[in-house]
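Computed from a predicted structure; not experimentally measured. By convention here, the first residue in the shown sequence is residue 1. Just so it is clear, the values below take in all heavy atoms, side chains as well, and ignore hydrogens, waters and symmetry mates.
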Amino acid sequence: MFSKTRPIWIYFLTGVFVVSAALLGLFSSSVHYPITLILDILTNKLIGVQLFHHEIPQTAEKIIWEIRFPRVLLAFFVGAALSLAGAAFQGLLRNPLADPFTIGVSSGASLGAVIVLYFQLTLSFLGVYTLPIVAILSGFIAMVIVFGVTILANKQLSIETIILAGIIVSSFISAVVSLIISLSPQEDARSILYWLMGNIGMRGWSHVKLLVPFFIIGSFMLMIRSKELNAFALGEEAAEHLGVNVQKGKVLIIIGASLLTGAAVSVSGSIGFVGLVIPHFTRLLVGPNHRHVLPLSLFIGGGYLILADLLARTLLAPSELPIGVITALIGAPIFALLLIRERMGRR
């Protein structure tokens, strides 16, 4: 009875956590406004009604609606995308240490963004979307290269070969990125490094609108494959006996997770430990069933990154820390504790 009711309570608590994180992200900042004024701005923009009938200053409306609210949404979608992709990769590769960076997609997306920053490229037909679009395409190219190396080495697309190919491609791309940084002028190198550390500041509705379509497609591709991921946990041979098309399932799961990773990295830079820690934490809450792990990882990861971004922009206000630094400082010790707890529980 407890095993059946526990996910319901966890879903409820997760919803409370996400809503609370979003409200904190909206209400807390270096520039303070009354909560009632913020609510009036949001309700006026969303449904055309003011609950508290404030006279809304133009500056406050611009800060809340054009800066703070899209930033909270972007943090949620980036955290949700990385966490969901991490859960899928860990289930597919049967390795709790796997994350969205395993097969080189993040490195590929980072290289595309670094090339745009280094050469200051702006494609006329893309405009301000040049950097994120190029980053997404670069992530997919890296994924194709990983697949190519895997097929050349092992036509069966074995998990071990995919991991090794991803490590090889990621290492090579990291070397290229380091080369570009070393050749860049000091100011350009600083901006590139800051982007690589992860940041969702100075983003707006255009980045949210860019990310959401990829997020919806990638999330849908993974959510409908929870049964395949559960079967993969038993091994590929067992999955085949259960009627799973192993090769097709692996390809679709990798494409969906890569789409989420590439889109997230394209708008935020490299943000580590989200896709590694959150799925692991979620499995401790609800067990290994991906029917619950996937959606809960999505929402917990989104709420977590909202809080991490809040810390990034308030700890040293008015200066901001890269959000990747915050997630690493929080995620590394938490993951170590979770790992130690799990290993001790097996004894």
(request) Please test V72 against D309 for side-chain contact (heavy atoms from CB on, under 4.5 Å), starting from the C-alpha separation and ending with a verdict. (result) CA-CA 8 Å; V72 168; D309 179 59; 5.9 Å; no
Compare every heavy atom of [Y] with every heavy atom of [X], then report the nearest pair and how far apart it is.
X	Y	answer
L294	A88	CD2-N, 4.2 Å
G303	A21	O-CB, 3.6 Å
I38	R68	CD1-NH1, 4.0 Å
G331	V277	O-CG2, 3.5 Å
G301	S83	CA-OG, 3.0 Å
V265	W195	O-CZ2, 3.3 Å

Minimum side-chain heavy-atom gap [X]-[Y] below 4.5 Å:
X	Y	answer
I115	Y118	no
L26	L42	yes
Y194	E320	yes
T59	Y33	yes
I192	S184	yes
Y304	F281	no
I181	L196	yes
F273	L82	no

Is [X] reaching over with its side chain to a backbone N or O of [Y], donor-acceptor style, under 3.5 angstrom?
X	Y	result
S170	S107	no
D40	H53	yes
R203	V267	yes
T327	G272	yes
T161	T150	no
W205	W65	yes
S28	G25	no
T130	G127	yes
N230	H290	yes
Q90	L276	yes

I'd like to know if [Y] and [X] are part of one continuous hydrophobic network [Ile/Leu/Val/Met/Phe/Trp/Tyr, side-chain heavy atoms within less than 4.5 Å].
X	Y	answer
V176	V114	yes
L311	V274	yes
M202	L73	no
L92	M223	yes
L111	L121	yes

(request) Tell me, with the steps shown, if M221 and R225 meet side-chain contact (heavy atoms from CB on, under 4.5 Å). (result) CA-CA 7 Å; M221 291 179 67; R225 308 234 161 247; 5.9 Å; no
Atom [atom1] in [X], atom [atom2] in [Y]: separation rounded to 0.5 Å?
X	Y	atom1	atom2	result
L117	D188	CG	CG	8.5 Å
N199	S191	CG	OG	11.5 Å
I278	I300	CD1	CD1	7.0 Å
I340	L337	CD1	CG	6.0 Å
I151	I162	CD1	CD1	9.5 Å
L131	I136	CG	CD1	10.0 Å

(message) Walk me through whether I41 and F69 qualify under side-chain contact (heavy atoms from CB on, under 4.5 Å).
(response) CA-CA 10 Å; I41 293 172; F69 188 43; over 6 Å; no
(request) Answer yes or no: are there more than 12 heavy-atom neighbours, outside F299 itself, under 6.0 Å from its atom CZ? (result)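 Atom CZ in F299 is not crowded, with 12 or fewer foreign heavy atoms closer than 6.0 Å.
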(message) Tell me if the CZ atom of R291 is crowded by more than 12 foreign heavy atoms within 6.0 Å.
(response)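 Open: at most 12 neighbouring heavy atoms sit under 6.0 Å from CZ of R291.
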(request) Mind checking side-chain hydrogen bond (donor to acceptor under 3.5 Å, both in side chains) for H207 and listing every partner two or more places apart, or none if nothing turns up? (result)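 By the side-chain hydrogen bond (donor to acceptor under 3.5 Å, both in side chains) rule, H207 matches no residue at all.
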(message) For E228, is there an ion pair with K250 - N to carboxylate O distance below 4.0 angstrom?
(response)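 Salt bridge flag = no for E228 with K250.
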Compile the donor-acceptor pairs under 3.5 Å between side chains in residues 252-263 and protein atoms, sequence neighbours left out, one pair per line.
| residue | atom | partner | partner atom | Å |
| --- | --- | --- | --- | --- |
| S258 | OG | I254 | O | 2.6 |
| T261 | OG1 | A257 | O | 2.9 |

(request) Assign the ring pair F77 / F215 to parallel, tilted or perpendicular, where the plane angle (0 to 90°) is split at 30° and 60°. (result)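 Perpendicular, since the angle between the ring planes exceeds 60°.
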(message) Tell me whether the rings of H54 and F52 are parallel (<30°), tilted (30 to 60°) or perpendicular (>60°).
(response) tilted
(message) When you compare the side chains of H292 and R283, does any donor N or O come within less than 3.5 Å of an acceptor on the partner?
(response)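 No donor-acceptor contact under 3.5 Å links the two side chains.
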Considering only distance and modelled atom types, tabulate donor-acceptor pairs under 3.5 Å from the side chains of residues 139-147, sequence neighbours left out.
none

(request) Check the pair S226 / L229 against side-chain contact (heavy atoms from CB on, under 4.5 Å), numbers first and verdict last. (result) CA-CA 5 Å; S226 60; L229 285 168; 5.6 Å; no
